[in-house]
Asker: 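This is the structure I have questions about; it appears just below.
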Amino acid sequence: MANSRSWTLIWPSFVRLCVLNLVVNFKITALADDSGNGGVATEDTCKNTNYQTFLPPPYQNISHLICTPVWHTFELRYIQNGDTTTVILSAPYTIGWVGIGFSRDGMMVGSSAMVGWISKHGHAKINQFYLRGKRTSEVIIDKGELPLNNVPAAVATNGAEIHLAFQLQTTTPFQKQPILLAFGSKYPQNHHLSTHEDKTAIVFDFSAGSTSPVSQELTQMRTNHGILGIIGWGLILPLGAIIARYFRHKDPVWLYLHAVFQFVGFTFGLSTVILGLQLYSKMHAHIQVHRGIGIFVLVLSILQIFALILRPNKDSKIRKIWNWYHGWFGRITLIFATINIVLGIQAAGAGSDWKIGYGFLFGIMVAAATVLEVLAYLKRLEMRSLPPNFHTDPVGGATFPTGGM
């Protein structure tokens, strides 16, 4: 076991390595803020459209609408009068459907959308849909959280364009709001929407009439957030824990490796939380459980780092208490980190590649820990079967874990 003097001399080097790694991670985070503006229209003017010729009241009589090109040739017009917000979406149209969704976090799942189309028989249709999931069966008609008022929504075509008009009743005016835009090229069958041909997500500032891209900047930030979290809390910290539990016979190398892994994993975890807080400030995503667990895991990680630095000597009276504290708090940290990674993948609506990738990584970790635990159990059985007076090497006897550190 390394004495306290050697550990005091070495751990500042680990701290410097931790700071260097943290700087690298912050540079990765900064890259997300410099992403491009792909997918958002660059034009600053809208077409002159006279709604009096094809939209019903009150939409034909509304003046002073603010208009902003938002995506391809999609145009979003709106006006806020008190607690009423009037929205008119204009888009190119031949057949199929066009939709505009209001999201909490820029993702499809959990959002509500207004979708309009003209049927094969020329009938105008517009309904609210609740986007419970990505499957067609999970897009539910006449459900959702949009605060529609008593004024009927309207949809009409004018030339090669379709116009969706509706009013929302809110206690506070809209400001920055994640908006989803999509269209499909097939008519809805029995009010079941076909898969969209194309889609995008933007953050629309109703107070300024401006847009910023979700599909590039915030998507990249979400990706970096997930990658850092999986690397830090899903890979590096578990490896550090495995080293501490199963390789203590490699003294003092195991201690140094454990310290390095935990410091590096902590910096990745800290970067994950910082990036997550940046995402929350930009998107105001209502993912309280995921955010709360992330902060909780970070606090536990900080406590573990301090515990590692303040590790008492073997002959200290509080060493047994410290072993219990450090071991069980470490297990709790890893359990909640694993839960939060799964919650994050689910909340982001990540694809199967994320689920398969993390599932594969988690499976390897569990399999490795299981094999090592079985070997430790067999070793303990072997040692118990030895005669009482059989001489054993005190270092070799600590080859496998017995609960302490």
Asker: Hey, does W354 have a side-chain heavy atom less than 4.5 Å from the side chain of I230?
Answerer: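 In contact.
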
Asker: Might you point out which heavy atoms bring H163 and N158 nearest each other, and give the distance in Å?
Answerer: NE2-CB, 3.8 Å

Asker: Which atom pair, heavy atoms only, marks the closest approach of A182 to H196?
Answerer: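 For A182 and H196, the tightest heavy-atom pair comes out as CB-CB, 4.2 Å.
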
Asker: Ignoring hydrogens, what is the shortest heavy-atom contact between S112 and L146? Give both atom names and the distance.
Answerer: CB-CG, 3.8 Å

Asker: Contact between I309 and F263 at the side-chain level, heavy atoms closer than 4.5 Å - yes or no?
Answerer: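 I309 vs F263: side chains touch.
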
Asker: Side-chain contact test, heavy atoms from C-beta onward, threshold under 4.5 Å: evaluate it for L343 versus N340 and give yes or no.
Answerer: yes

Asker: For a quick test of reading the model, state the closest non-hydrogen atom pair linking P238 to G232 and the distance between them.
Answerer: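 Taking P238 first and G232 second, the nearest heavy atoms are CD-O, 4.3 Å.
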
Asker: Check the pair R245, R331 against side chain to side chain contact (heavy atoms under 4.5 Å, CB included), reporting the backbone distance first and the verdict last.
Answerer: CA-CA 11 Å; R245 180 164 177 80; R331 293 180 181 95; 3.4 Å; yes

Asker: Hey, are W97 and S194 close enough side-chain-wise for a donor-acceptor pair under 3.5 Å?
Answerer: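 There is such a pair between these side chains.
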
Asker: Measure the shortest side-chain to side-chain distance between K199 and L180 over non-hydrogen atoms and say whether it is less than 4.5 angstrom.
Answerer: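 K199 vs L180: side chains apart.
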
Asker: Determine the interplanar angle of the F74 and F183 rings, folded into 0 to 90°, and report it as parallel if under 30°, tilted if 30 to 60°, perpendicular if over 60°.
Answerer: tilted

Asker: Does atom CZ (F336) have a neighbourhood of more than 12 heavy atoms from anything else shown, all under 6.0 Å?
Answerer: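 At most 12 heavy atoms, drawn from other residues, nucleotides or ligands, come within 6.0 Å of this atom.
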
Asker: Look at atom CD of E138 and say whether more than 12 heavy atoms of other residues, nucleotides or ligands are closer to it than 6.0 Å.
Answerer: yes

Asker: Do Q167 and L148 have side-chain heavy atoms sitting under 4.5 Å apart?
Answerer: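 Answer no - side chains too far apart.
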
Asker: Taking only residues two or more places apart in sequence or in another chain, which ones pass ring-ring contact (aromatic ring centres under 6.0 Å, His included) with F102?
Answerer: F174

Asker: Do Q304 side-chain atoms and H326 backbone N/O form a donor-acceptor pair below 3.5 Å?
Answerer: yes

Asker: Within the structure provided, determine whether K250 and I243 are in side-chain contact (heavy-atom separation under 4.5 Å).
Answerer: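 Side chain of K250 against side chain of I243, heavy atoms only: no contact under 4.5 Å found.
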
Asker: Can you tell me how the ring of H123 sits relative to the ring of H121, calling it parallel under 30°, perpendicular over 60° and tilted otherwise?
Answerer: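 Aromatic pair H123/H121 classed tilted.
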
Asker: Please find the pair of heavy atoms, one from V139 and one from G133, that lie closest to each other, and give the distance.
Answerer: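 V139 and G133 have their closest heavy atoms at CG2-O, 4.1 Å.
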
Asker: Would you check if L89 and M114 make a side-chain contact, meaning some heavy-atom pair closer than 4.5 Å?
Answerer: no

Asker: Working note: K379 + L375, criterion side chain to side chain contact (heavy atoms under 4.5 Å, CB included); need CA distance, chi angles, decisive distance, verdict.
Answerer: CA-CA 6 Å; K379 183 64 177 179; L375 292 176; over 6 Å; no

Asker: To the nearest 0.5 angstrom, please state how far the CZ atom of F266 sits from the OG1 atom of T333.
Answerer: 11.0 Å

Asker: How many angstroms lie between SG in C67 and CG in L76, if you round to the nearest 0.5 Å?
Answerer: 7.5 Å

Asker: What heavy-atom pair brings I100 and I179 nearest, and what distance separates the two atoms?
Answerer: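 Taking every non-hydrogen atom into account, CG1-CG2, 3.8 Å.
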
Asker: How far does CD of Q169 sit from CG of D83, to the nearest 0.5 angstrom?
Answerer: 4.0 Å

Asker: Are the side chains of R77 and V87 in touch, meaning some heavy atoms are under 4.5 Å apart?
Answerer: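 A side-chain contact under 4.5 Å is absent here.
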
Asker: Output all residues satisfying salt bridge (charged side-chain N to carboxylate O under 4.0 Å, His left out) with E161, sequence neighbours left out; order by chain, then residue number.
Answerer: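 By the salt bridge (charged side-chain N to carboxylate O under 4.0 Å, His left out) rule, E161 matches K47.
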
Asker: Starting at CD1 of I162, measure out to CD1 of I95 and round the result to the nearest 0.5 Å.
Answerer: 12.0 Å

Asker: Which word best sums up how the rings of F129 and W117 line up, parallel for under 30°, tilted for 30 to 60°, or perpendicular for over 60°?
Answerer: tilted

Asker: Go through the steps to decide whether T86 and Y59 satisfy the test side chain to side chain contact (heavy atoms under 4.5 Å, CB included), and finish with yes or no.
Answerer: CA-CA 8 Å; T86 302; Y59 306 108; 3.9 Å; yes

Asker: In Å, rounded to the nearest 0.5 Å, how long is the span from CD1 of I66 to OH of Y78?
Answerer: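 It comes to 3.5 Å.
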
Asker: Near F362 CZ, under 6.0 Å, is it more than 12 heavy atoms from other residues, nucleotides or ligands?
Answerer: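 Incorrect, the count does not exceed 12.
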
Asker: Just do the side chain to side chain contact (heavy atoms under 4.5 Å, CB included) check on V342 and Y358 with the steps written out, would you?
Answerer: CA-CA 9 Å; V342 175; Y358 179 64; 4.1 Å; yes

